[in-house]
Amino acid sequence: MASDQPTLPPGDPVCPGCQAEGTLLLPCGHSLCQSCLQLCQQELGQEQQGCTECYGRDLFDNVLKSLFDSLFQGQPRRVGAGAELGLGLIGEDSAETEDDKVCVRHGESLSLFCMEDEELICEQCQTEEHEGHTCSGTEEAVQECKTELKSALRSLQDKLETINTAKQNWQETAEHIRKQTQHAMRMIRADFEKLHQFLRDEEASILTSLKEEEEQKSHKTKDKIDRLAEESSSLIEIINSTEEAMVSEDTEFLKNYKKTSRCFRVECTPQDLKETSGSLIDMAKHLGCLKFRVWEKMQTVVTYTPVILDPNTADTCLSLSDDLTVMRYTDEDQQVPDNPERFCYYECALGSEALGSGRHSWDVEVGDSSEWALGVVNESVQRKEWFPPSPERGMWTLCYYRDHYRAPNATSDQLPVKKKPQRVRVQLDWDAGRVTFSDASDNTMLYRFKAKFTEKLYPYFSNTCKRHPLRILSEKVAVYTE
């Protein structure tokens, strides 16, 4: 078979198999080189007509035809659909049913709809198979089914709206998380830069002190070296002149003896010859407990606040400072998610940590704020509804409003406060069940709650004064050793 095939002239297409020139033209119209043709005959057999390209195309057509047969098995198909794909007819059922409004069993018109089985039937079907079923005419059934589908569709649309709303909320939450992260990163970098700058300044200060001590003590040492060098030169000169006088004639020697002997009266005190104490660098001063001394000095730039505001609990009308210690009331709502921790009907925010067993205390600068509230609330306090604050609802607070102080309880009577405090101290003794409010300037008690706590409590802060913020005061930091 191979020997009878003509070879194409040079310049014809190369072999599609190995890209070699000198291909043979096959009866199917394709071209192969001698090597690929022999390989094709070995794989397909000597009796196989055509080549690998023909075989591959036929194989693809057969596979595609089988795939369509399996997908549309038992379904009516349009005549010629397979021909358009080059596959011929696909299946035997190639024509649609001529009249889909006629019962295939009884040949009668499908004029009824069984509401129970949900299918079109004829009158004879109702008598035989659907006796006792609720059946309606097609027009009436269409209206009933459409009404039912409209109701179901409305429910699905409501669900879709709920899902889209939830999706939008989560997208806003994701964006808020991104903004929170970026803001936190900026603040962290700024705070660490302050610490780095403090350490760099301390390093420079300590190195400068070391350098100054070195220059001071090196200068003293150099002065002594120069003085000793001068005395050494003077002694060398005396020794040389004395040695010269001793080798002179007797008369000359005696004549100059008085002058020569005076040179030996040069005094050299012991202090000039011995090293004095404190002449070396004070290594202990510069290296001793270096890290601790720097850490101790760091108290001047490091502040400690016993309570930190949690921005995730703050009402939208409140703005918090970057260090989360100052609360401001604003007319413009903050663009924040409505997360479960956030209050909706109280202009307030909570502390970042729940307080349990033990004693806790923090001072708040209320200043000239015209309306504020401080205290503690239960960890489980409701945050998405409004109710009068009271211990029964898990809120122990001291409120200031319209120049009156009140502690919401059973009576909520006005409290007799003689001097308006600028700073209020809140003290919590969880084990003893006490919440005490006092003037931080002189510890004058304003009010005290007595209760039995059953869960952890959060510090509570509220402010609705536009002109004056609330500020949680920092405490003095001290470093002690044991």
Practice prompt. Please check if atom CZ in R293 has more than 12 non-hydrogen atoms from other residues, nucleotides or ligands closer than 6.0 Å.
Written response: yes
Response to the item:
What one should report as the nearest heavy-atom pair of A314 and R342 is O-NH1, 2.8 Å
Item to complete: May I ask you to test the L160-L156 pair for a side-chain heavy-atom distance under 4.5 Å?
Response: no
Item to complete: Answer yes if the side chains of E213 and H286 hold a donor-acceptor pair under 3.5 Å, and no otherwise.
Response: yes
Discussion item. Is there a side-chain contact between L428 and T436 in this structure, where contact means two heavy atoms from C-beta onward sitting under 4.5 Å apart?
Written reply: no
Discussion item. Once rounded to the nearest 0.5 Å, what's the spacing between atom CD of Q427 and atom NE2 of H360?
Written reply: 12.0 Å
Worksheet entry | Donor-acceptor side-chain pairing of N312 and Q180 below 3.5 angstrom | yes
Discussion item. Testing the basics here: between A432 and D429, what is the closest heavy-atom pair and its distance to 0.1 Å?
Written reply: N-OD1, 3.2 Å
Practice prompt. Evaluate side-chain contact (heavy atoms from CB on, under 4.5 Å) for R402 paired with E371, printing each intermediate quantity in order.
Written response: CA-CA 7 Å; R402 293 182 179 178; E371 186 174 354; over 6 Å; no
Worksheet item: Counting heavy atoms not belonging to E144, are there more than 12 under 6.0 Å from its CD?
Response: yes
Discussion item. Using every non-hydrogen atom in the two residues, find where W362 and P459 come nearest and quote the distance to one decimal.
Written reply: CZ2-CB, 3.7 Å
Worksheet item: Donor-acceptor pair, D282 side chain versus K285 backbone, under 3.5 Å?
Response: yes
Fill in: Verdict with reasoning, E230 to R227, per salt bridge (charged side-chain N to carboxylate O under 4.0 Å, His left out)
CA-CA 5 Å; E230 292 177 0; R227 195 186 321 165; over 6 Å; no
Practice prompt. Taking atom types as modelled, find out whether Q197 and R200 have a side-chain donor-acceptor pair closer than 3.5 angstrom.
Written response: yes
Worksheet item: Is any side-chain heavy atom of E203 less than 4.5 Å from a side-chain heavy atom of L207?
Response: yes
Discussion item. Measuring from atom CG of D223 to atom OG of S218, what distance do you get when rounded to the nearest 0.5 angstrom?
Written reply: 11.0 Å
Discussion item. Can you tell me if F292 has over 12 outside heavy atoms packed within less than 6.0 Å of its CZ?
Written reply: yes
Worksheet item: Just wondering, do L355 and Y458 contact through their side chains at under 4.5 Å, heavy atoms?
Response: no
Discussion item. What I'd like to find out is whether the side chain of F453 reaches to under 4.5 Å of the side chain of W396, using heavy atoms alone.
Written reply: yes
Worksheet item: Can you find a heavy atom in the side chain of F461 that is under 4.5 Å from one in the side chain of I472?
Response: yes
Practice prompt. Identify the residue among D363, D442, D439 that makes a salt bridge (charged side-chain N to carboxylate O under 4.0 Å, His left out) with R425.
Written response: D363
Discussion item. I'd like to know whether NZ of K217 has more than 12 heavy-atom contacts from other residues, nucleotides or ligands below 6.0 angstrom.
Written reply: yes
Discussion item. Applying salt bridge (charged side-chain N to carboxylate O under 4.0 Å, His left out) to D338 and K384, what does each step give before you reach the verdict?
Written reply: CA-CA 10 Å; D338 185 21; K384 300 301 182 182; 2.6 Å; yes
Discussion item. Rounded at 0.5 Å granularity, tell me how far CG in D191 sits from CG in D323.
Written reply: 8.5 Å
Worksheet, complete the sentence: Between the OG1 atom in T464 and the CG atom in L318, the distance rounded to the nearest 0.5 Å is 9.0 Å
Discussion item. With a 6.0 Å cut-off (strictly less than), is the heavy-atom count around CD of Q182, excluding the residue itself, greater than 12?
Written reply: yes
Worksheet item: Is there a side-chain contact between D117 and H133, using heavy atoms and a 4.5 Å cut-off?
Response: yes
Item to complete: I would like to know whether L210 and E214 meet side-chain contact (heavy atoms from CB on, under 4.5 Å); could you show each step before the answer?
Response: CA-CA 6 Å; L210 174 62; E214 178 199 17; 5.7 Å; no
Discussion item. Donor-acceptor check, side chain of K450 to backbone of V435, threshold 3.5 angstrom: yes or no?
Written reply: no
Worksheet entry | S321 side chain vs T325 backbone, donor-acceptor pair below 3.5 Å | yes
Response to the item:
Smallest heavy-atom separation, D310 atom then S352 atom, equals CB-CA, 3.8 Å
Worksheet item: Any luck finding a side-chain donor-acceptor pair between S369 and N463 under 3.5 Å?
Response: yes
Item to complete: Tell me yes or no: between the side chains of S380 and E455, is some donor less than 3.5 Å from an acceptor?
Response: yes
Throw together a table of side-chain donor-acceptor distances under 3.5 angstrom for residues 294-309, partners on residues two or more places apart or in other chains.
residue: K297; atom: NZ; partner: E202; partner atom: OE2; Å: 3.0
residue: Q299; atom: NE2; partner: E296; partner atom: O; Å: 2.9
residue: T300; atom: OG1; partner: K297; partner atom: O; Å: 2.9

Worksheet item: Between V102 and L110, is any pair of side-chain heavy atoms under 4.5 Å apart?
Response: no
Worksheet entry | Distance-only donor-acceptor check, side chains S319 and R328, under 3.5 Å | no
Discussion item. With rounding to the nearest 0.5 angstrom, report the SG to CD1 distance, C135 to I121.
Written reply: 4.0 Å
Fill in: Heavy-atom pair with the smallest gap, counting every atom of L446 and P421
CD1-CG, 4.1 Å
Worksheet item: Just wondering, are more than 12 heavy atoms of other shown residues or ligands nearer than 6.0 Å to NZ in K159?
Response: no
Discussion item. Evaluate W372 against L374 for side-chain contact (heavy atoms from CB on, under 4.5 Å), listing each step before the verdict.
Written reply: CA-CA 7 Å; W372 52 262; L374 301 173; 3.9 Å; yes
Worksheet item: Can you check salt bridge (charged side-chain N to carboxylate O under 4.0 Å, His left out) on R393 and E385, steps first, answer last?
Response: CA-CA 12 Å; R393 302 303 296 266; E385 63 181 67; 3.4 Å; yes
Worksheet item: Do other residues, nucleotides or ligands put more than 12 heavy atoms under 6.0 Å from the CD atom of E139?
Response: no
Worksheet entry | E347-S462 side chain donor-acceptor pair, cut-off 3.5 Å | no
Fill in: Verdict with reasoning, I177 to K179, per side-chain contact (heavy atoms from CB on, under 4.5 Å)
CA-CA 5 Å; I177 290 173; K179 292 181 179 178; over 6 Å; no
Worksheet entry | Closest non-hydrogen atom pair, S441 against K419 | OG-NZ, 3.7 Å
Fill in: Approximate separation, where rounding is to 0.5 Å, of I236 CD1 and S241 OG
12.0 Å
Worksheet item: Per the ring pair (Phe, Tyr, Trp, His ring centres under 6.0 Å) rule, which among Y447, F437, Y400 passes with Y405?
Response: Y400
Discussion item. Taking CD in Q171 as the centre, count heavy atoms belonging to other residues, nucleotides or ligands within less than 6.0 Å. Is the count above 12?
Written reply: yes
